[in-house]
Amino acid sequence: MAAALPPLLRMGGSTWSYPGWEGLVWDGPYDPSVLAKNGLTAYAQHPLLRTVCIDRSFWRPLTVSQYAGYAGQSPADFSFVVKCPSVVTDALVRAEDGRGRETNPAFLDAELAVASFVEPALEGLGGKLGVLVFQLSPLTWDWLTRPTDLFARLQALLERVRLQLAQHPQVIVAVEVRDPELLVPAFAQVLRAAGATFCLGLHGKMPPIEEQLPLLRSLWPGPLVCRWNLNRRFGPYGYEDAQKAHAPFNQIVSPDPHTRALLARTIAGVTGAGQRAYVTVSNDAEGCAPRSIALLAEAVLEGGAGVRG
């Protein structure tokens, strides 16, 4: 099945340290700490898993050697999706429980983004760096009521990042948001001007996929970046509930055929027109990321043939 998929398509999980994938990805029972340290070598041999999202970089900037370690555990044709540290993409400095404590003075700081994210990821991953994702955490009311200022700062950051990537045009820069109010033409204009794209963020805080696709279409032609994070049935704050419902992450528990079908058609259209597609799937999309990816691959092959645009 993997050999029949569009060669421009890469799918994978949101990290890989789940013992529940025994028999799907792993050849036996392993502790999460062992998988976190060494599991990528096995994960990257799975024919459907051609990318993975490095989520841990969101919580704390990673070093060149940490990125290089990931690159060393994967084959030459593997590619990574990497999230920018929250110190750049969150308007608030947060406590351990996630509550905002104070305004973040480094929010959308272009030089910090390059120094703490772009440069180490480039140096460590080299040609295996596929996508840099800037996921903007839910914004404060102050920023949401000043979209002109927000978009100006975002554009300055993205243009600085693109300048840093001048010798690496293969790296896709994508912006994911968690505020539906930002899905406006002005946002698309910023992305287009800076040579970036919109990351479909399939999450309870955001509208369903069909309401996000118009913004992506407004950037056509261009690549697809999608992160299928959380099944909408759990609501905007349902991450913990989803974790409880889906553990140990070895079965489809919350099937979402609607999202899967639309995403498959989008993948087929984008790759059929010669554009790249990166899709990462969380266990909390349907209960088990590898099984969701297999079902998505089937949908691409069965229903996506001939779809364009």
Side-chain angles (χ1 to χ4, degrees), residues 1-18 21 23-27 35-36 38-57 67-83 121-122 124-133 168-174 176 197 199-202 222-229 249 259-260 263-283 285-286 288-305:
M1 185 163 62
L5 287 171
L8 293 171
L9 169 63
R10 291 182 180 272
M11 296 189 290
S14 294
T15 197
W16 58 85
S17 55
Y18 300 103
W21 293 359
L24 297 171
V25 180
W26 320 127
D27 65 355
L35 295 175
N38 301 311
L40 182 58
T41 302
Y43 170 101
Q45 295 178 48
H46 193 294
L48 289 178
L49 305 178
R50 301 183 63 218
T51 189
V52 72
C53 185
I54 300 179
D55 274 345
R56 64 179 296 210
S57 57
Y67 283 122
Y70 293 141
Q73 292 184 56
S74 57
D77 64 345
F78 197 78
S79 188
F80 291 87
V81 176
V82 192
K83 287 178 65 176
L122 265 177
L125 295 175
K128 295 180 181 179
L129 176 57
V131 184
L132 297 173
V133 174
H168 307 274
Q170 78 283 357
V171 178
I172 299 169
V173 177
E176 180 182 349
T197 193
C199 175
L200 286 176
L202 306 184
L224 167 67
V225 178
C226 175
R227 297 201 324 120
W228 191 2
N229 297 300
F249 313 114
T259 295
R260 201 186 313 128
L263 184 53
R265 289 189 61 197
T266 304
I267 289 169
V270 168
T271 57
Q275 298 288 336
R276 291 175 291 162
Y278 280 81
V279 178
T280 62
V281 182
S282 166
N283 284 325
E286 297 185 292
C288 176
R291 292 191 186 276
S292 290
I293 290 166
L295 290 172
L296 188 56
E298 289 178 3
V300 170
L301 293 174
E302 294 173 2

Drop me the distance from [X]'s [atom1] to [Y]'s [atom2], to the nearest 0.5 angstrom.
X: Leu295; Y: Cys288; atom1: CG; atom2: SG; value: 9.5 Å
X: Thr15; Y: Ile54; atom1: OG1; atom2: CD1; value: 8.5 Å
X: Leu200; Y: Thr266; atom1: CG; atom2: OG1; value: 7.0 Å
X: Tyr278; Y: Leu224; atom1: OH; atom2: CG; value: 11.5 Å
X: Leu48; Y: Leu24; atom1: CG; atom2: CG; value: 11.0 Å
X: Leu40; Y: Phe80; atom1: CG; atom2: CZ; value: 5.0 Å

List the residues meeting side-chain contact (heavy atoms from CB on, under 4.5 Å) with [X], not counting sequence neighbours, and say none if there are none.
X: Gln275; result: Trp220, Pro221, Pro223, Val270
X: Ser282; result: Ser14, Asp284
X: Ala42; result: Trp26
X: Ala36; result: Ser17

Looking only at non-hydrogen atoms, find the nearest pair between [X] and [Y] and report the distance.
X: Ala121; Y: Leu132; result: CB-CD2, 4.3 Å
X: Ser57; Y: Lys83; result: OG-O, 2.5 Å
X: Ala264; Y: Leu296; result: N-CD1, 3.9 Å
X: Gly130; Y: Ser79; result: CA-OG, 3.2 Å
X: Ala76; Y: Lys128; result: CA-CE, 4.0 Å
X: Gly13; Y: Val52; result: O-CG2, 3.3 Å

Residues forming a salt bridge (Lys or Arg N to Asp or Glu O under 4.0 Å) with Arg276, sequence neighbours excluded: none
How would you list, by chain and number, every residue that makes a salt bridge (Lys or Arg N to Asp or Glu O under 4.0 Å) with Glu176, sequence neighbours excluded?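 In terms of salt bridge (Lys or Arg N to Asp or Glu O under 4.0 Å), with neighbours along the sequence ignored, Glu176 is linked to Arg178, Arg227.
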Output all residues satisfying side chain to side chain donor-acceptor pair (under 3.5 Å) with [X], sequence neighbours left out; order by chain, then residue number.
X: Tyr43; answer: none
X: Trp21; answer: Asn283
X: Thr259; answer: Asp256

Could you list the donor-acceptor pairs under 3.5 angstrom formed by side chains in residues 5-12, with sequence neighbours left out?
residue, atom, partner, partner atom, Å
Arg10, NH1, Arg50, O, 2.9
Arg10, NH1, Asp77, O, 2.7
Arg10, NH2, Asp77, O, 2.8

Can you name the ring pair (Phe, Tyr, Trp, His ring centres under 6.0 Å) partners of Trp16, sequence neighbours left out? Tyr70
